[in-house]
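Some notes on the structure that comes next.
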Amino acid sequence: MTEKLWRVGTTYIPVIDVKASADWYVSKLGAEMNYHDQDKAIINLADQSLFLVKAKEGQTSNFIDVKGQVRFSLTFEVDGQSALEKMHHDFTNKGIKVGEIENRGHVGRNFVFEDLDGNKFDVWSELSPTFRKKQVK
């Protein structure tokens, strides 16, 4: 194989109310709105396009693992534990549903947060070395 996958460009997230969800991502997470119609919104967040797609009620991007725990499908990275703790505090103050900061037995710490529709996302206190080398100056 001579070609390779270079990056994840777009993630699709199911939402009930496209406008309310897009407004939430912009106001709570600092996303940038690129496009909006009745069926979808395209936002930029964390160097990626997120498509917020109108879905049937009860749909989320979450899944249930083998132990029966509801899991997230996307992890955001921040630069260090201090940044993680500040973000956790900021999210809490903005009324975002957040879990506790966790020690999962690996480098760094994590917490989980949810959007308006119950889509769960993870935040990890460690930037990947490849990203750090390319992006952080």
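Positions are given from 1 along the sequence.
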Which pairs of donor and acceptor atoms, one on a side chain in residues 100-108, lie under 3.5 Å apart (sequence neighbours left out)?
residue : atom : partner : partner atom : Å
Glu102  : OE1  : Arg104  : NE           : 3.3
Glu102  : OE2  : Arg104  : NH2          : 3.4
Asn103  : OD1  : Gly105  : N            : 2.9
Arg104  : NH1  : Asp122  : OD1          : 3.2
Arg104  : NH1  : Asp122  : OD2          : 3.3
Arg104  : NH2  : Asp122  : OD1          : 2.9

message: List the residues meeting salt bridge (Lys or Arg N to Asp or Glu O under 4.0 Å) with Asp47, not counting sequence neighbours, and say none if there are none.
response: none
For Lys54, all residues meeting salt bridge (Lys or Arg N to Asp or Glu O under 4.0 Å), sequence neighbours excluded: none
Tell me who clusters with [X], hydrophobic residues only, linked when side chains sit under 4.5 Å apart either directly or through other members.
X      : answer
Ile16  : none
Val112 : Phe72
Val70  : Ile64

message: Show every ring pair (Phe, Tyr, Trp, His ring centres under 6.0 Å) that has at least one partner inside residues 23-44, sequence neighbours left out.
response: none
- request: May I have all residue pairs that pass ring pair (Phe, Tyr, Trp, His ring centres under 6.0 Å) and include part of residues 37-63, sequence neighbours excluded?
  value: Tyr12-Phe51
Residue list, side-chain contact (heavy atoms from CB on, under 4.5 Å) with [X], at least two apart or on another chain:
X     : answer
Asn44 : Glu32, Asn34, Ser49
Ala20 : Asp17, Leu116
Thr11 : Val8, Ile13, Gln48, Leu50, Leu74

task: Determine whether Val18 and Asp39 make a side-chain contact, defined as any pair of heavy atoms from C-beta on separated by less than 4.5 Å.
output: no
- request: Sorted by first residue and then second, give each salt bridge (Lys or Arg N to Asp or Glu O under 4.0 Å) pair with at least one member in residues 61-71; sequence neighbours left out.
  value: Asp65-Arg71
